[in-house]
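Before any comments, here is the structure.
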Amino acid sequence: MKRSLLSVLVLALIINLVSCGGGESVPISLRTKPVSVKIYDTPKGADPAVSAEMGGKGFEALADKLGYETYIGENEADPAAKKGGRITTRITEFPASLRTVGKDSNYDVLSSIDGLVYERLMSYEYKTSSFTRGLATHWYISEDQKTFRYRINPDARWSDGKPVTAEDVVASWKLNVDEGILEPYSNMLYSKYSEPKAISKYIVETSVTEDNWRLFFYFSVSMGIMPAHHLNDVTGAEYLKKYQFDMMPGSGPYVVDSAKVKKGKSLTLVRRNDWWGANLAESKGAYNFDEIKFIVVSDDRLTLEKFKKGEIDINFVTRAQWWVEEFDETRTDFDALHRGLIQKQKTFNFHWKGISGLAFNMRRAPFNDIKIRKAFARLWNRDLLIDKLFFNEYGKLNSYFPGGIYQNQNNPMIEYDPEEAIALLAEAGWKDRDNEGWLVKDGKIFELEMGIDQSLERIFTPYQEELAKAGIKLNLRYVTSQTMFKNVMNERDFDIHYQGWTGLMFPNPESSFHSNMADVGGTTNITGLKDPRVDALCDEYNESTDAKRRVDIIREMDGIIADIEPYALGWFAPYTQRYGYWNKFGIPANPFGYSGDWKSLFSLWYIKPDMAVQVDKAMKDPSMTFPYNKHIVTAEK
């Protein structure tokens, strides 16, 4: 019986992988292959009907005279990286949708998928403060900073083989401004642009009417480009329904394999072997895994156990106690770490810091009273938590723009002070207690409910006890992430809520602190903050082209918000990531790049087949050991 060409190639691949490990069996993580998903193809290169001036062949020679600029950027990947294999990592919940735009698109895993499936017109290099090419090879900014043009790379192709064109940019913008997607902030943001015009097949233009230095950034770097030949067939509301668990073709290096989407359990991205950008200079050594698999494990302890068994390849250690006590390579009971099959690492780079804390809903009582907010903040014993629960792995926050040039260094550090809290409560009218010791006002006890994830009970039980000493009854209730998101983000139906926010490359205070976002569901102003001076500063920040003035604006705003205390601020990690990983990966000098986060590993890391085979063998042979890598990696400026 004759074998098919495909089966022969697969057999040859397996034989080759086995030879890497001295004849050992092939680990599961190496039993993968990329896919070609094209239905049909369009010859590579520019359409000969398009002139050089309009972005066709020969445009590069004219670009400078036409006022366009370009920049390739630094490639942070390892040029010796090998393609192939699978990486498996954990997500805490399955997303409510696979849409990367619109309602229910604010999941971390969707952010990862979005960046690997749908490309942007451009990227931004934090190290040099420079824009770099993406789908657009060149860009133009008018003298008044209000008109932008982009020249699409004529080689760019969707995964179904159709060319990427200016019409795709137009259609992507129309989706973002369609109210049917139920994402008010996107509607508001992209409505600031005129409807883009396809000047030619490869050149698209848009303009803005307001002075806002970030608008070029958002259109260029934030908006994912999707195919017009799918978008033009649906309204925003129809898009929500049709693509809830389906994805239209992307132009990026990966696709979501629908056959490997197990709702509630896992989803898998598969590398394209026909990606149009594979041979670009900035892509060398990048996008190496054949498969990127996300499995749902809601419990942190279960995640750790699955990691120890090798079912998960990398474990971002969320608990300081586990990092200090359990991720100790001298402990023989963590055998894989002790023998070096698992490595531990703490990475520092120049990724921007976010904030965390107890968000107070200031739209209603009791937190519409600043005295109550201040009292709750002073009953939060952060020092105790950091010392006893977090093993001094974190520092206390006193800024809403922490860790960089935007932080107001004069902000006070709010300290644990129950006596001051009790005095503040009394000033707010809460001074009498009933027979059980609860504060009473107008015949009602001071009682609140706080929804939490079960894993956070250890953090908030001490807070619950501190509040009880002051006469406040806080009921902790377990709720799912989906319910929490609905209550807090969409319906604003909460009193007090623990929230963490990732940092931004450039602060965007409008979305979190401007009064026009306070009563709009789906925005990040979850506390309902409204302050005229903050509004004025947000508006000035948007319009200022003076970088130094923008820093001063944010610092002033930081001080005002600190005085309002919409949050009882929590803590921050001075490092970027701490994690353990199975010792089978090739990792560049900066594991997450100069300023990346955990999502960057999917484009920068790769599997070393020989190490994967050896580690697989060592799992069965307790005599095998491996040397430890560096525990701390710091990106260089």
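This is a predicted model, so every value here is computed, not measured. We're numbering straight along the sequence, starting at 1.
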Contact between [X] and [Y] at the side-chain level, heavy atoms closer than 4.5 Å - yes or no?
{"X": "I561", "Y": "V534", "value": "yes"}
{"X": "Y193", "Y": "L215", "value": "yes"}
{"X": "M362", "Y": "I564", "value": "yes"}
{"X": "P507", "Y": "F401", "value": "yes"}
{"X": "L267", "Y": "P95", "value": "yes"}
{"X": "E76", "Y": "Y594", "value": "yes"}
{"X": "K146", "Y": "T209", "value": "no"}
{"X": "Y567", "Y": "W501", "value": "yes"}

Determine the interplanar angle of the [X] and [Y] rings, folded into 0 to 90°, and report it as parallel if under 30°, tilted if 30 to 60°, perpendicular if over 60°.
{"X": "Y575", "Y": "Y394", "result": "tilted"}
{"X": "Y498", "Y": "W380", "result": "perpendicular"}
{"X": "W352", "Y": "Y126", "result": "perpendicular"}
{"X": "W605", "Y": "Y579", "result": "tilted"}

Check your understanding: Checking side-chain contact (heavy atoms from CB on, under 4.5 Å) for the pair T132/T70: CA distance, chi angles, key distance, verdict?
Key -> CA-CA 7 Å; T132 65; T70 188; over 6 Å; no
Hey, is the main chain of [Y] close enough, under 3.5 Å, to the side chain of [X] for a donor-acceptor pair?
{"X": "R149", "Y": "Y140", "value": "no"}
{"X": "R382", "Y": "G570", "value": "yes"}
{"X": "S207", "Y": "T147", "value": "no"}
{"X": "R133", "Y": "F131", "value": "no"}
{"X": "D114", "Y": "G224", "value": "no"}
{"X": "S356", "Y": "W571", "value": "yes"}
{"X": "S283", "Y": "G277", "value": "yes"}
{"X": "Q577", "Y": "D597", "value": "no"}
{"X": "D535", "Y": "S515", "value": "yes"}
{"X": "Y254", "Y": "G115", "value": "no"}

**Study point:** Ring centres under 6.0 angstrom apart (Y150, F219)
**Key:**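 That pair passes the under 6.0 Å test.
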**Study point:** Ring-ring centroid check Y541 W213, cutoff 6.0 Å
**Key:**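 For Y541 and W213, the ring centres are under 6.0 Å apart.
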Practice item. Over all heavy atoms of both residues, which pair between N525 and R492 is shortest? Give the atoms and the distance, please. Key: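 Smallest interatomic distance, heavy atoms only, reads O-NH2, 3.7 Å.
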